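A quick write-up on the structure given underneath.
Keep in mind it's a predicted model, so treat the numbers as computed, not measured.
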Amino acid sequence: MNTIDIAVICKALGDSNRLQIVQMLSDGEKCGCKLLEAFEITQPTLSHHMKILCECGLVNDRKEGKWHHYSLNIDVWKQFNEFISLVGKVE
């Protein structure tokens, strides 16, 4: 993972709604309809947030019929965590 990837991820996580979505997905896959219930936003706004999270690789999107199901991309989260851990060791 390069610094451009890290910057895009940090930008994606710079929104409180997206942070809350990530937190909700931390205990497993969720349908977009379930995510939407937790917010006072429109479906297009949720779609915008999900597009950003998917494009930076943090979230996977699986379509089943007309529903989208979202889950965390564990591999990307591990790489991001490794980078953050390295930065934390700087003295």
Any chance you could measure [X], atom [atom1], to [Y], atom [atom2], to the nearest 0.5 Å?
| X | Y | atom1 | atom2 | value |
| --- | --- | --- | --- | --- |
| Ile21 | Tyr70 | CD1 | OH | 9.0 Å |
| Leu72 | Lys78 | CG | NZ | 12.0 Å |
| Glu55 | Asp61 | CD | CG | 11.0 Å |
| Lys51 | Leu46 | NZ | CG | 14.0 Å |
| Ile9 | Met1 | CD1 | CE | 4.0 Å |
| Leu25 | Lys34 | CG | NZ | 14.0 Å |

Tell me whether Ile4 is reachable from Trp77 by hopping between hydrophobic residues (I, L, V, M, F, W, Y) whose side-chain heavy atoms are closer than 4.5 Å.
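In one cluster with Trp77: Ile4, no.
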Do Phe39 and Val59 belong to the same hydrophobic cluster, where Ile, Leu, Val, Met, Phe, Trp and Tyr are linked whenever their side-chain heavy atoms lie under 4.5 Å apart, directly or via other members?
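Yes, Phe39 connects to Val59 through the hydrophobic network.
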Is the shortest side-chain heavy-atom distance between [X] and [Y] below 4.5 Å?
| X | Y | answer |
| --- | --- | --- |
| Leu58 | Ile52 | no |
| Leu13 | Phe80 | yes |
| Leu35 | Met50 | yes |

Decide yes or no on side chain to side chain donor-acceptor pair (under 3.5 Å) for Ser16 and Gln20, but give the supporting numbers first.
CA-CA 6 Å; Ser16 62; Gln20 189 175 347; over 6 Å; no
For residues [X] and [Y], report the shortest heavy-atom separation together with the two atoms involved.
| X | Y | answer |
| --- | --- | --- |
| Cys56 | Val76 | O-CG1, 4.4 Å |
| Ser47 | Gln43 | OG-NE2, 2.6 Å |
| Met24 | Ala38 | CE-CB, 3.6 Å |
| Asn73 | Gly57 | CB-O, 3.1 Å |

Give the C-alpha distance, both sets of side-chain angles, the deciding distance and a yes or no for side-chain contact (heavy atoms from CB on, under 4.5 Å) between Asp5 and Phe83.
CA-CA 11 Å; Asp5 296 331; Phe83 177 84; over 6 Å; no
